[in-house]
4 protein chains.
Amino acid sequence: MARTIGSHGPTTMEAIRKAGLRLIFQHGYEAMSLRQLAAEVGIQPGSLYNHISTKQELLADLIQDHINDLLRELETALRDKEGAVERLRAFVAFHVSYHMTRKREVFIANSELRSLDPRNYEAVVALRGAYEQRLAEILTDGVAEGVFDVDDVQVATFAIIALLTGLCSWYRPGGRLTKDAIIAAHEKLVLSGVMPRSAKPSPSGRDGIKTE
Amino acid sequence: MARTIGSHGPTTMEAIRKAGLRLIFQHGYEAMSLRQLAAEVGIQPGSLYNHISTKQELLADLIQDHINDLLRELETALRDKEGAVERLRAFVAFHVSYHMTRKREVFIANSELRSLDPRNYEAVVALRGAYEQRLAEILTDGVAEGVFDVDDVQVATFAIIALLTGLCSWYRPGGRLTKDAIIAAHEKLVLSGVMPRSAKPSPSGRDGIKTE
Amino acid sequence: MARTIGSHGPTTMEAIRKAGLRLIFQHGYEAMSLRQLAAEVGIQPGSLYNHISTKQELLADLIQDHINDLLRELETALRDKEGAVERLRAFVAFHVSYHMTRKREVFIANSELRSLDPRNYEAVVALRGAYEQRLAEILTDGVAEGVFDVDDVQVATFAIIALLTGLCSWYRPGGRLTKDAIIAAHEKLVLSGVMPRSAKPSPSGRDGIKTE
Amino acid sequence: MARTIGSHGPTTMEAIRKAGLRLIFQHGYEAMSLRQLAAEVGIQPGSLYNHISTKQELLADLIQDHINDLLRELETALRDKEGAVERLRAFVAFHVSYHMTRKREVFIANSELRSLDPRNYEAVVALRGAYEQRLAEILTDGVAEGVFDVDDVQVATFAIIALLTGLCSWYRPGGRLTKDAIIAAHEKLVLSGVMPRSAKPSPSGRDGIKTE
DNA sequence: TATGAATGAGGGTTCATTCAT
DNA sequence: GATGAATGAACCCTCATTCAT
């Protein structure tokens with residue numbers, strides 16, 4: 001049938017990824033059919049296979065690309081941040097920000113892990129472990145520096161990640177709060193949670209009021 | 001396929017629920033086939049329909065029963081607890097404890113909501129909202145009492161729930177920590193997170209509310 | 001419980017085997033679709049799977065059953081036959097007769113071996129080897145007895161089998177020749193082929209031309 | 001399919017025919033996909049259509065070319081052979097030799113006839129009939145000359161062809177026997193089979209056992 | 001000539017569900 | 001209650017083929 005103008009190649013692949021992201025986020029990997037996906041993209045189901053090798057590989061690619069981005073951007077966010085407190089603040093800010101921007105990838109990477117076949121699963125879990133490790137290190141450092149008071153670093157790591165990740169379940173762009181306000185709220189919660197009673201978190205300097 | 005003598009109807013139903021819980025937890029609702037479930041129970045697929053009306057209803061029942069239990073037991077846990085601090089502590093302890101005991105139901109109730117058809121979905125979300133509301137009330141009360149310092153009660157509510165709920169992703173019975181240790185760690189994290197740095201509540205200076 | 005008409009159980013399986021035999025014979029295993037087969041049987045494609053586990057297994061079953069029958073019936077045909085000449089005659093008569101009666105199974109077992117997956121292939125080839133071995137033994141015995149003059153037993157074995165098997169490519173029931181005439185013709189050809197010039201085959205006493 | 005000198009079209013076309021021959025022999029026509037074929041040749045599937053018009057036509061070409069060669073070479077082999085015995089011997093020698101040399105074409109021409117569409121099928125069957133007719137004539141002549149003793153020429157024709165053709169199912173170059181030994185064995189089998197008891201076949205003078 | 005993307009049909013197979021026995 | 005056979009829809013995926021580039 002008549003196709004839209006323009007080079008189809010890269011465009012089609014991008015459309016598949018985008019639509020796939022949305023459909024998996026909305027219905028789940030198992031519940032998304034390639035017929036749906038193809039219809040969304042505007043091609044026949046079989047034509048998908050000019051761009052992907054398998055439904056499974058599409059999922060794996062989406063997740064792996066996300067995790068790689070996550071790790072790479074975390075490095076950038078933490079670069080030249082000194083001290084556990086500042087690094088934790090940077091971690092929270094980055095994590096929340098990333099999760100608001102790419103909440104679909106994040107959600108999928110968390111909820112569809114079980115749909116990955118073993119080989120892909122191993123790879124992704126390893127990368128995710130590396131990410132968690134970054135937070136665990138910050139907490140450990142902070143305890144050593146005496147600025148954090150954490151009973152169990154592992155529990156705290158998981159808890160903080162869960163707390164931060166949870167927001168992609170409820171965050172909707174254009175909601176009541178600004179992005180900055182949400183970041184500030186989480187910074188405060190997390191830092192308060194891990195800092196000893198005697199210390200107090202330094203103000204972040206943001207006011208969270210949307211100004212545009 | 002061992003059958004006990006007597007009326008084994010209730011037994012079969014219980015086996016179905018149990019196996020269904022496990023299979024949905026493990027593979028997801030969409031990925032669990034009734035053939036699998038029947039095989040697990042030791043009957044033929046068609047025989048399931050002597051006990052359930054629909055795959056969808058099985059899911060709805062499992063989730064609804066869980067949420068009802070959750071609410072009922074929360075009432076019990078909070079009964080005769082006075083003061084926001086003590087009530088929050090009780091909430092955390094109850095929530096963590098319940099999630100460790102019934103992590104499969106909890107996980108399913110969180111991850112398979114999207115598989116519920118609209119009518120069931122509404123009902124469950126309403127009940128879940130009631131549960132979250134209990135926590136929000138505690139936080140609001142605490143702020144009014146001056147014992148909590150929370151910028152945005154809603155964000156804090158979601159965050160705390162996410163934090164607590166996250167543990168059913170990693171908790172394994174028989175792990176490194178005792179149940180009590182995990183409860184204690186979470187109590188500390190949460191209470192630290194919401195209590196003011198000093199004895200006197202510090203004005204936050206940011207309200208994060210959109211002003212447009 | 002008596003099976004009434006319309007109660008399909010064993011009947012359906014038998015219909016599947018029969019139709020499968022015909023369709024594979026006619027179009028080849030690869031070219032036969034399960035949709036065709038189901039239509040022939042009068043059920044929906046998916047319903048086939050109440051009776052077979054796989055298209056591949058259907059083929060393997062058809063072939064294996066045939067080969068088992070072939071071996072078993074050969075034993076019967078050779079029982080109490082004495083002497084290489086008489087045994088060879090019995091072999092030829094049995095083989096030709098069986099191939100005319102069940103030419104579809106025979107054809108499939110020869111032509112669709114390559115469609116068997118490795119495990120099934122091994123099993124069938126082994127059984128076929130056992131069958132060929134029976135003929136090879138007869139030839140070897142005959143040479144030892146001095147009644148056969150064969151340069152290479154293996155070549156002769158393959159050749160005789162091929163000669164006899166070839167007839168299921170052209171034999172049509174109701175053709176010009178009677179079954180007995182065809183058997184007689186092949187007995188003569190084979191025995192002449194392997195007996196030394198000096199000996200002479202016993203007259204079969206049948207002329208084989210249909211007289212009606 | 002015009003071939004121009006200088007271009008490498010012929011090369012590609014030859015590669016397609018060669019790979020097609022091998023793949024059809026190995027997997028069967030239905031089971032061979034043009035994607036496989038293209039991969040084997042080292043081009044994209046769509047590019048095949050610069051050389052062939054259709055999968056079906058590729059098969060028909062391969063078979064027809066083979067049959068034409070077969071007939072033409074048979075004429076050469078029989079030229080200036082006199083007498084039914086010598087002509088039969090020549091037929092057998094030629095047939096066996098050709099089948100060993102080009103066993104893939106032969107096998108395909110026998111086993112994939114059913115995959116030809118009606119028009120191609122008719123043409124090929126007619127040519128094959130002509131080939132069989134040559135053998136039938138030799139047998140008929142021999143009976144008239146009194147050197148053959150055959151009850152039914154048609155049965156004998158089919159049987160001999162089957163016997164000879166069967167060897168491309170088991171012959172492997174480099175096996176136990178030399179080409180000449182195999183030819184000699186078949187000459188003996190066939191001639192013995194059709195000659196009357198009183199006559200004796202002339203020795204072929206070859207022993208055929210590999211000595212190196 | 002070769003390519004890559006598209007088509008439309010169809011492949012084997014699984015599914016939730018029904019129902020006579 | 002349990003069963004086995006049936007349904008009809010849908011699944012992921014492969015196919016031969018076309019055609020603009």
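So that the names make sense, note that chain A is the first sequence line, chain B the second, and so on, each numbered from 1.
- Computed from coordinates, the D:L48 CG to E:dT1 P distance equals 14 Å when rounded to whole Å.
- Rounding to whole angstrom units, CG of residue D:N50 and P of E:dA2 are separated by 6 Å.
- Between E:dG4 and A:H51, no contact under 4.0 Å exists linking OP1 or OP2 to a side-chain N or O.
- For the side-chain hydrogen bond (donor to acceptor under 3.5 Å, both in side chains) test, no residue two or more places apart in sequence or in another chain qualifies with C:N68.
- Following rounding to the nearest Å, B:L58 (CG) and E:dC15 (P) show an atom-to-atom distance of 16 Å.
- Protein atom NE2 of C:H27 is 12 Å distant from nucleotide atom P of E:dG11, rounded to whole Å.
- Shown here are the side-chain hydrogen bond (donor to acceptor under 3.5 Å, both in side chains) partners of D:E105, two or more places apart in sequence or in another chain: D:R102.
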Practice task
Can you check each nucleotide of nucleotides 15-21 of chain F against protein heavy atoms at under 4.0 Å and return B for base, S for sugar-phosphate only, - for none, in 5' to 3' order?
Solution key: BBBB---
Completion exercise
Under the rule of Watson-Crick or G-U wobble with both distances under 3.5 Å, where | means paired to another strand and [ ] a crossing pair, DNA chain E maps to .||||||||||||||||||||
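- Judged as a side-chain hydrogen bond (donor to acceptor under 3.5 Å, both in side chains), and not counting sequence neighbours, C:Q44 has no contacts.
- Residues satisfying the side-chain hydrogen bond (donor to acceptor under 3.5 Å, both in side chains) test with D:E30, not counting sequence neighbours, are none.
- Under 4.0 angstrom from either OP1 or OP2 of E:dA6 there lies at least one side-chain N or O belonging to A:T12.
- A donor-acceptor contact closer than 3.5 angstrom is absent between the side chains of C:T11 and C:E14.
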